[in-house]
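This report concerns only the one structure given below.
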Amino acid sequence: MNSLGVLMEALASQSINTIKTTLIWLLRTTWIVGTLPILIASLPSPCLNSFHSLLLSFAKRGKIMPSSSHRFTVPQSFFLHFYLLALIWTTTLLMGTWYFAYKVTPLSTESLSYLAAANHLTGGSLVFSLHKSRFSSVDDRFNVWKAVFLLLLMEIHVLRRLYETFQVFNYSPSARMHIVGYLTGIYFYTAAPLSLCTFCVLEAFNFAADQVAEFKVEGQEMVSITDFDLWGYMKPLTRLGWCQWTGAVIFAWGWFHQLRCHAILVCVSACLNLSLSGSLRERGDRTNKYVIPYGDWFEVVSSPHYLSEMILYAGLLVASGGTDFTIWLLLGFVVANLVLAAAETHRWYLRKFENYPRNRQAILPFVY
């Protein structure tokens with residue numbers, strides 16, 4: 001039986017490692033492929049102007065998309081699809097990874113002793129022993145809980161974005177976005193949460209499948225060791241390092257300001273729709289159904305909601321410890337896309353309003 005266990009462990013480990021390597025390189029390749037064209041189009045060369053215009057046409061949406069350019073577009077309200085997908089997918093990854101972390105990779109020696117005892121009481125199940133053998137080091141177990149932490153932050157982000165889409169934003173029926181931008185968003189909210197947990201996601205779902213199979217065999221005999229322990233799930237998160245909590249603070253800073261900036265945009269829109277923007281009209285800032293937003297980071301940049309999104313993902317990178325190149329590439333993709341969109345939004349404001357504040361930059365205060 002011992003030889004059989006060793007053979008099963010070797011085969012399973014080799015298969016998972018091969019798939020994991022393929023997944024990581026696939027994610028990295030797609031982030032590079034998505035970022036590189038934007039970097040090339042940003043080079044100051046006249047021969048790249050048409051290529052730059054093509055990329056901009058893919059990125060345009062809402063007010064910066066001309067009403068005559070509705071070919072190959074979808075309603076901007078389809079943003080809802082992004083956040084529904086993101087919530088379902090991130091929740092699935094979070095639950096699977098968190099359960100795996102709790103059962104297989106505890107951070108404390110007491111929990112390790114408990115799992116060993118539980119394993120013995122259930123007849124020395126191969127499920128636990130095979131999975132625990134792959135995450136035997138303290139660093140490996142820490143990295144699994146770090147992935148849980150990153151997914152938890154991502155969950156907080158997509159929950160708010162879904163709430164805003166339902167309850168805050170009121171997209172105009174005429175607001176459109178390019179189909180390429182829509183498909184990019186669908187891919188992004190599939191690949192971004194996955195990029196945060198590549199270290200252990202395959203093992204987590206393999207473990208969950210093994211647990212389901214074993215439960216079908218063992219039935220009620222397993223229930224006594226699978227009772228929900230809230231503190232047991234939460235306590236390891238409190239033992240994470242300064243990097244994780246510093247990243248969480250940066251994430252919260254961006255999260256909070258994005259919430260405020262979205263609220264400002266919605267208030268401006270509501271004032272126009274309800275004809276309550278008297279103070280804005282007095283300042284002469286109303287032109288063709290649009291006004292210049294003021295307040296919070298709008299005082300220094302034209303797209304503070306994009307700036308705060310970049311800060312959010314920078315917080316995730318810091319919380320990851322900065323050792324995963326996939327997350328660096330994810331941040332690069334986010335920054336490249338949002339800088340491109342912010343630059344076009346800034347040009348739109350300058351064309352639209354003669355009295356647009358000249359001290360405002362596009363997205364980076366005092367820089368760009």
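Residue numbers count from 1 along this sequence. Only this structure's heavy atoms are used, side chains among them; waters, hydrogens and symmetry mates stay out.
- A distance-only check finds no donor-acceptor pair linking the side chain of Gln76 to the backbone of Ala175 [under 3.5 Å].
- Nearest heavy-atom pair, Tyr171 versus Ser77, reported as atom, atom and distance to 0.1 Å: CD1-CA, 3.6 Å.
- Relative to the six-membered ring of Phe199, Lys20 meets both conditions, a distance below 6.0 Å and an angle of at most 45° to the axis.
- The neighbour count for Phe325 CZ, taken as heavy atoms of other residues, nucleotides or ligands under 6.0 Å away, does not exceed 12.
- Ring to ring, His81 and Tyr182 are close: their centroids are under 6.0 angstrom apart.
- Without hydrogens or angle criteria, Thr30 side chain to Leu27 main chain gives a donor-acceptor distance under 3.5 Å.
- Side chain of Gln244 to backbone of Ala319: a donor-acceptor contact under 3.5 angstrom is found.
- Cluster membership check: Val144 shares its hydrophobic cluster with Leu23, using side-chain heavy-atom separations under 4.5 Å among Ile, Leu, Val, Met, Phe, Trp and Tyr.
- The closest side-chain donor-acceptor pair between Glu164 and His262 falls under 3.5 angstrom.
- Using a cut-off of 4.0 Å between Lys/Arg side-chain N and Asp/Glu carboxylate O, Arg161 and Glu309 are scored as salt-bridged.
- The shortest side-chain heavy-atom distance between His157 and Gln258 falls under the 4.5 Å cut-off.
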Intermediate values then yes/no, side-chain contact (heavy atoms from CB on, under 4.5 Å), Val300 and Arg360
CA-CA 5 Å; Val300 289; Arg360 287 192 194 179; 5.9 Å; no
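- Other residues, nucleotides and ligands place more than 12 heavy atoms under 6.0 Å from the CZ atom of Phe51.
- Separating the CG atom in Asn17 from the OG1 atom in Thr22 is a distance of 10.5 Å, to the nearest 0.5 Å.
- Each of Leu329 and Trp25 belongs to its own hydrophobic cluster when Ile, Leu, Val, Met, Phe, Trp and Tyr are linked at side-chain heavy-atom distances under 4.5 angstrom.
- Residues Thr97 and Ala147 come closest through the heavy atom pair CG2-CB, 4.4 Å.
- Clustering ILVMFWY residues whenever any of their side-chain heavy atoms sit less than 4.5 angstrom apart, transitively, puts Met234 in the very cluster that holds Leu150.
- Side-chain contact between Pro365 and Leu307: present, with at least one pair of heavy atoms (C-beta onward) separated by less than 4.5 Å.
- A donor-acceptor contact under 3.5 angstrom links the side chains of Ser302 and Tyr356, judged on distance only.
- Side-chain contact between Thr326 and Leu330 is absent, with no heavy atoms from C-beta onward closer than 4.5 Å.
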Can Val148 and Tyr233 be said to form a side-chain contact (heavy atoms from CB on, under 4.5 Å), step by step?
CA-CA 10 Å; Val148 173; Tyr233 279 89; over 6 Å; no
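- The backbone N or O of Asp296 sits nowhere less than 3.5 Å from a side-chain atom of Glu299 that would complete a donor-acceptor pair.
- A donor atom on one side chain and an acceptor atom on the other are not found under 3.5 Å apart for Ser137 and Asp139.
- Side-chain atoms of Thr105 and Arg141 include no donor-acceptor pair closer than 3.5 Å.
- The shortest non-hydrogen separation linking Pro75 to Met177 is O-CE, 3.8 Å.
- Closest heavy-atom contact between Thr35 and Ala336: CG2-CB, 3.8 Å.
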Between Leu80 and Leu162, does a side-chain contact (heavy atoms from CB on, under 4.5 Å) hold up when you go through it step by step?
CA-CA 7 Å; Leu80 175 63; Leu162 182 63; 3.7 Å; yes
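- You'll find the side chain of His257 stays beyond 4.5 Å of the side chain of Ile311, heavy atoms only.
- Note: Trp245 and Phe149 meet the aromatic proximity criterion, with ring centroids under 6.0 Å apart.
- Rounding to the nearest 0.5 Å places CG of Leu196 at 11.5 Å from CG of Leu152.
- Hydrophobic clustering (side-chain heavy atoms under 4.5 Å, transitive across Ile, Leu, Val, Met, Phe, Trp, Tyr) groups Leu259 together with Phe166.
- For an aromatic pair to be called close, the ring centres must be under 6.0 Å apart, and Trp253 with Trp297 satisfies this.
- Grouping the Ile, Leu, Val, Met, Phe, Trp and Tyr side chains by contacts below 4.5 angstrom, directly or via other members, places Met95 apart from Leu159.
- Counting heavy atoms from C-beta on, the side chains of Phe207 and Glu203 never come closer than 4.5 Å.
- Atom OH of Tyr313 sits about 11.0 Å away from atom OG of Ser308, to the nearest 0.5 Å.
- Side chains of Ile179 and Thr73 form no contact here, defined as non-hydrogen atoms less than 4.5 Å apart.
- You'll find the ring centres of Phe79 and Phe82 inside the 6.0 Å limit.
- Put simply, the side chain of Ile292 reaches to within 4.5 Å of the side chain of Asn355, judged on heavy atoms.
- Rounding to the nearest 0.5 Å places CZ of Phe169 at 6.5 Å from CG of Leu265.
- In this structure, Ser303 contributes its side chain and His305 its backbone to no donor-acceptor pair below 3.5 Å.
- Using the six-membered ring where Trp is involved, Phe333 and Phe188 have ring planes that are parallel, under 30° apart on the 30 and 60° scheme.
- When ring centroids are compared, Tyr187 and Trp31 come within the 6.0 Å threshold.
- Side chain of Trp89 to main chain of Thr190: a donor-acceptor pair is present (N/O by atom type, distance under 3.5 Å, no hydrogens or angles).
- Leu85 and Ile186 get closest at one heavy-atom pair: CD2-O, 3.5 Å.
- Across all non-hydrogen atoms, the minimal contact from Phe298 to Cys261 is CE1-O, 3.6 Å.
- Of the possible polar contacts, none joining the Thr91 side chain to the Ile88 backbone as a donor-acceptor pair under 3.5 Å is found.
- Note that OG1 of Thr323 is 6.5 Å distant from CG of Asn143, once rounded to the nearest 0.5 Å.
- Taking the side chain as every heavy atom from C-beta outward, Tyr189 and Leu87 never approach each other to under 4.5 Å.
- One distance of note links CE of Met310 with CG of Leu331; it measures 7.5 Å at 0.5 Å rounding.
- Geometrically, Arg160 engages Trp255 in a cation-pi contact defined by less than 6.0 Å to the ring centre and at most 45° from the axis.
- Ion pair Arg351/Glu344 flagged as a salt bridge, since at least one NZ, NE, NH1 or NH2 atom sits closer than 4.0 Å to an Asp/Glu carboxylate oxygen.
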Just do the side-chain contact (heavy atoms from CB on, under 4.5 Å) check on Val301 and Leu364 with the steps written out, would you?
CA-CA 7 Å; Val301 294; Leu364 299 176; 5.8 Å; no
